[in-house]
Amino acid sequence: MPTFHFYPIDITYRIVSGKPVIYLYGRTKDGQRIAVADRFDPYFWAIPQKKSVKERLENLSGEKDGESYSVTSVEEKKKRLLGKEVEALKVTVSQPKDVPLVRELIREWDDIQSVHEADILFTRRYLIDKKIIPMTLVVVEGEEGREESRIPVIAATAIRPAEDEETMKGLGILAVDIETYYPKGKGIDMDNNPILMFAVYGKNISRVIAWKRFATKRKSIEFVQDEAALLHRFREIVLEEQPDIITGYFSDGFDLPYIKRRAEKLKVNLDIGADFSGISLKKGMDTESKITGIAHFDVIKFVRGGLRTSIATDSYSLNAVASKLLGETKHEVELDDLAEVWDKRPEKLEPYCDYNLQDALLTYQLAEKLLPNLTELVKLIGLPLQDCNRMSFSQLVESFLLRKEGEFDEIAPEKPTEHELAKRRKVRLQGAFVHEPTPGLYHDLAVYDFRSLYPSIIASHNISPDTVREADTLEEGAFVVREEKVAYSTAKKGFIAAVVEEVITRRMRVKDILKKKKDPFLEARAMMLKILANSFYGYLGFPSARWYSFACAASVTALGRRYITETIEKAEKAGFKVLYSDTDSIFLSLQGKSKAAAKKFVDDINEHLPGLMELEYEGFYPSGIFVSAKDNKGGAKKRYALLREDGSLVIKGFEAVRRNTSVIAKEVQEHVLKAILEKADDKKALNYLHGVIKGIREKKLAVEKMVIRTRLTKPISSYDAIGPHVAIAKQMKGKGIDIAPGAIIRYVVTTGGGRIRDRAKLPEATKQSEYDADYYINNQIIPAVEKIFEVFGHTKEELLGKGAQMRLLEF
DNA sequence: ATTATCCGGGG
DNA sequence: GTGTACGGATAAT
């Protein structure tokens with residue numbers, strides 16, 4: 001029997017002669033695309049009320065809505081349900097579609113207590129049970145069968161993961177991007193507006209296909225007869241390139257559905273799937289596009305999903321993400337004019353083709369850059385790239401737990417009913433501890449952080465839905481969380497606590513190796529392990545979670561508050577002063593103590609911390625400033641600036657990087673912070689401010705510095721409150737420039753009477769003499785620095801330079 | 001403050 | 001497809 005070593009990429013199933021067959025699509029070690037077909041039977045778990053139900057189940061079969069269903073076998077197994085031993089029945093049925101039918105039927109039976117895992121997708125169940133991890137080497141025995149397929153199909157007689165968990169490398173990525181016709185002022189209309197051009201970018205291809213000819217020297221541009229021919233070309237290119245991964249930017253919801261729709265409309269056969277199927281869509285608010293045998297990597301879904309907390313960006317547009325991650329930007333063209341240029345001035349189309357190709361290139365580069373992270377996630381979670389690409393944090397955790405439960409003989413709890421869900425949504429978790437800072441400028445600060453606070457609490461205190469007990473439990477060694485009136489058994493490792501501990505220790509091992517040697521793949525692994533570890537707390541409190549536990553989630557934050565306040569008490573006993581603390585971080589003033597003493601403080605704390613918990617010394621800062629909150633005297637949370645020893649600044653929460661603020665306001669804010677932190681010289685900062693204010697008054701500053709950027713969030717007509725940006729958008733519309741929701745409107749406020757919105761002008765149409773100095777001083781500059789100067793007792797009047805004059809008048 | 005709703009990205 | 005949203009921001013109450 002021939003043996004094949006291959007890396008699975010995609011998985012589906014089909015019913016062949018009435019029996020379900022799993023199809024794994026992938027590539028062999030030597031690069032050949034193959035499919036592997038393997039028989040597998042669907043099953044789920046039932047917990048009986050009475051043992052006699054087994055026989056009743058075994059004989060269950062029937063018909064519903066013309067479809068027959070049957071139970072093929074029932075097997076008794078000892079399992080655990082939230083740690084409690086149960087006699088479970090493994091109910092095997094003949095087809096996946098029988099599962100929901102039988103499930104609903106037997107749920108009503110008196111002798112059935114509960115039904116479990118009857119909603120785990122068939123292909124996922126297969127991967128878990130066979131211990132197969134996509135993109136990781138698998139050994140198959142079997143012969144090539146004869147069936148209709150683009151690639152050879154091996155009928156498996158045996159399948160198992162390879163001994164060494166070798167990861168697939170050198171995957172072929174093909175980036176796709178389309179440009180479509182859309183007249184000004186109209187929305188996207190897949191039914192009526194054609195695709196004008198598309199760009200593909202891959203290792204061996206960099207091309208734009210358009211169906212209107214114009215003179216060009218670009219070798220990358222190729223012309224076809226019409227839109228149907230363009231779609232044919234798309235099919236051809238995909239089949240020629242044989243990519244493992246097709247990537248796009250929002251291609252789940254735009255490019256691929258658009259291509260599919262146009263192909264249907266023009267009756268073009270798009271049988272690019274390994275089984276000759278086309279692009280399949282899953283609808284909902286969130287569409288997903290799939291092609292059998294190829295993994296579809298929608299970059300935006302990963303950046304906004306699994307990587308969301310790791311990549312901070314204001315906007316998730318291709319331009320914003322590419323400039324953040326690659327330091328590159330899109331080409332600038334007036335996309336709104338494309339339809340008109342296409343119709344009337346095709347000779348001007350070249351820049352649009354360049355734009356199109358650049359988008360495909362950026363998408364390709366993003367996919368290439370993020371693939372190590374996504375691959376690590378696939379290996380961690382054990383689901384195909386297509387799925388890991390689109391998962392939320394709670395789905396990641398749950399999929400990981402479903403993979404792990406076998407090791408603990410656990411059966412997953414049922415998903416909550418609507419009623420249960422409503423109940424869970426009503427309760428609120430108490431958050432983290434915050435010590436508000438007292439506004440002021442401070443010198444010699446030490447900053448500390450609890451490393452992975454919540455995950456380490458879960459692991460160290462055995463916080464797990466299967467170890468929760470009543471607070472007055474008589475169980476020996478149980479750890480009481482008095483704040484929540486619950487306790488946690490320590491007799492046996494809880495399922496979730498054990499899994500979290502494994503994730504943390506795995507990450508620590510990876511970090512240890514990384515200390516000795518740089519390795520981008522291990523860095524990606526460490527990052528994904530961190531993301532996963534940090535997701536468990538949220539999962540425990542997520543209403544839809546199978547392993548939801550309010551007690552556990554509440555205990556995690558309660559212990560977080562407990563540990564941080566205890567650490568603060570110890571710091572004060574040791575002679576430090578607490579300036580600020582939020583969740584897992586502590587800012588101390590050294591109060592004349594040495595840097596060495598600050599460093600040593602963590603050792604004293606760590607000596608008494610349990611398990612994996614650890615306080616880290618984040619660093620020493622020569623100075624730092626905390627300002628007061630908007631409407632009260634207390635210090636603002638998450639709004640401070642620190643000076644590092646190397647002279648650089650750490651700015652948190654200030655407007656310095658926000659939209660909606662003019663360039664000049666950001667500049668002034670940063671400059672003032674720097675002057676104050678470096679020299680503690682508020683007089684000098686004040687002088688600088690007065691200089692800027694004078695410059696603005698005398699109109700010596702460029703209009704560009706006065707530009708305010710605001711995003712238009714909905715169609716112009718649906719605004720009730722007309723802000724300046726809406727007024728500008730209206731003006732632009734009046735000039736025939738159509739502005740769509742999502743556009744960033746740039747404007748400058750000019751002098752004159754009336755409301756701000758009547759005085760907003762386009763920057764291009766504003767002369768330097770026109771901007772409204774008073775507006776910029778009072779509404780932009782002053783609010784940006786007011787709180788900083790307030791720390792030194794400078795009033796708004798002083799900032800405006802009125803203080804001195806008033807004093808003269810007073811005397 | 002708290003709850004309802006709107007929206008993202010793509011052209 | 002043995003299934004379906006999700007989190008943040010803004011408007012409304």
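The figures that follow rest on heavy atoms only: side chains count, while hydrogens, waters and symmetry mates do not. Per chain, numbering begins at 1; letters A, B, ... match sequence-line order. This is a predicted model, so every value here is computed, not measured.
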Applying salt bridge (Lys or Arg N to Asp or Glu O under 4.0 Å) to A:Asp343 and not counting sequence neighbours gives none

Looking at C:dT2, C:dG7, B:dG9, which one has an atom nearest to any side-chain atom of A:Tyr316? B:dG9

Quick one: on DNA chain C, does A:Pro100 or A:Ser544 contact a more 5' nucleotide (nearest heavy atom)? A:Pro100

Which nucleotide in the list C:dT4, B:dT3, B:dG11 gets nearest to the side chain of A:Glu288? C:dT4

The nucleotide from B:dG11, C:dT2, C:dC6 with an atom nearest the side chain of A:Leu335 is B:dG11

Using a heavy-atom distance cut-off of less than 4.0 Å, which residues of residues 119-130 of chain A contact DNA chain C? A:Asp119, A:Ile120, A:Leu121, A:Phe122, A:Arg125

Which atom of A:Ile120 lies closest to which atom of A:Arg124, heavy atoms considered: CG2-CB, 4.4 Å

Would you classify A:Leu318 as touching base, sugar-phosphate or nothing, given that sugar-phosphate means primed atoms plus P, OP1 and OP2, and contacts are heavy atoms under 4.0 Å? sugar-phosphate

Please state how far atom CD in A:Glu227 lies from atom C1' in B:dG11, giving the value in whole angstrom units. 14 Å

Can you name the side-chain hydrogen bond (donor to acceptor under 3.5 Å, both in side chains) partners of A:Gln430, sequence neighbours left out? A:Arg561

Exercise: identify the closest heavy-atom pair between A:Pro96 and A:Pro42: N-CG, 3.4 Å

I want to verify a distance call: between B:dG11, C:dT4, C:dT2, whose nearest atom is closest to the A:Leu338 side chain? B:dG11

Value in whole Å for how far the P atom of C:dC6 lies from NZ of A:Lys282: 14 Å

For A:Glu398, which contact category applies under a 4.0 Å heavy-atom criterion: base, sugar-phosphate, or nothing? nothing

Is any side-chain N or O of A:Lys330 closer than 4.0 Å to OP1 or OP2 of B:dG11? yes

Taking C:dC6 as the reference, what is the distance to B:dG11 when you measure between their P atoms (whole Å, please)? 26 Å

Ring pair (Phe, Tyr, Trp, His ring centres under 6.0 Å) with A:Tyr364: which residues, sequence neighbours excluded? A:Tyr201

A:Gly187 near the nucleic acid: base, sugar-phosphate alone, or nothing, with a heavy-atom cut-off under 4.0 Å? base

Does A:Tyr13 place a side-chain N or O at less than 4.0 Å from the phosphate oxygens OP1/OP2 of C:dT2? yes

With a non-hydrogen cut-off below 4.0 angstrom, is A:Ile188 in contact with a base, only sugar-phosphate, or nothing? base

Under 4.0 angstrom, heavy atoms only, what part of the nucleic acid is A:Asn356 near: base, sugar-phosphate, or nothing? nothing

At under 4.0 Å between heavy atoms, what does A:Glu117 touch on the DNA or RNA strands: base, sugar-phosphate, or nothing? base

Roughly how many Å is it from CD in A:Gln395 to P in C:dA5, rounded to a whole number? 10 Å

Among B:dG10, C:dA5, B:dG9, which nucleotide sits nearest the side chain of A:Asp177? B:dG10

In whole Å, I'd like the distance from the CD1 atom of A:Ile300 to the P atom of B:dG11. 11 Å

Is it true that A:Lys404 and A:Glu410 have a side-chain N and a carboxylate O under 4.0 angstrom from each other? no

Rounded to whole angstroms, how far apart are CG on A:Asp41 and P on C:dT2? 14 Å

Nearest to the side chain of A:Tyr355, which nucleotide is it out of C:dC6, B:dG9, B:dG11? B:dG11

One pair to check against side-chain hydrogen bond (donor to acceptor under 3.5 Å, both in side chains): A:Asn356 and A:Asp359. What are the steps and the verdict? CA-CA 5 Å; A:Asn356 192 189; A:Asp359 276 11; 5.9 Å; no

What is the distance, to the nearest angstrom, from the CG atom on A:Leu366 to the C1' atom on B:dG9? 14 Å

Taking only residues two or more places apart in sequence or in another chain, which ones pass ring pair (Phe, Tyr, Trp, His ring centres under 6.0 Å) with A:Trp211? A:Trp342

If the condition is salt bridge (Lys or Arg N to Asp or Glu O under 4.0 Å), which residues does A:Glu179 pass it with, not counting sequence neighbours? none

With the side chain of A:Tyr249 defined as its heavy atoms from C-beta on, choose the nearest nucleotide among B:dG9, B:dG11, C:dT4. B:dG9

Looking across every strand, which nucleic acid part, if any, lies under 4.0 Å from A:Lys426 by heavy atom: base, sugar-phosphate, or nothing? nothing

Spell out yes or no: do the side chain of A:Arg304 and the base of C:dG7 have one donor N/O and one acceptor N/O closer than 3.5 Å? no

When we call it a touch if two heavy atoms are under 4.0 Å apart, what does A:Asp98 touch: a base, just sugar-phosphate, or nothing? nothing

Under 4.0 Å, heavy atoms only, any strand: does A:Tyr43 hit a base, just the sugar-phosphate, or nothing? base

For A:Leu196, answer base if it contacts any base atom (sugar-phosphate contacts may also be present), sugar-phosphate if it contacts only those atoms, and nothing otherwise; contact means non-hydrogen atoms under 4.0 Å. nothing

Picking from B:dG10, C:dA5, B:dG11, the nucleotide nearest the side-chain atoms of A:Asp286 would be C:dA5

If you check every side-chain atom of A:Pro96, which of C:dC6, B:dG10, C:dT2 has the closest atom? C:dT2

When the distance from CG of A:Leu105 to C1' of C:dT2 is rounded to whole Å, what number comes out? 15 Å

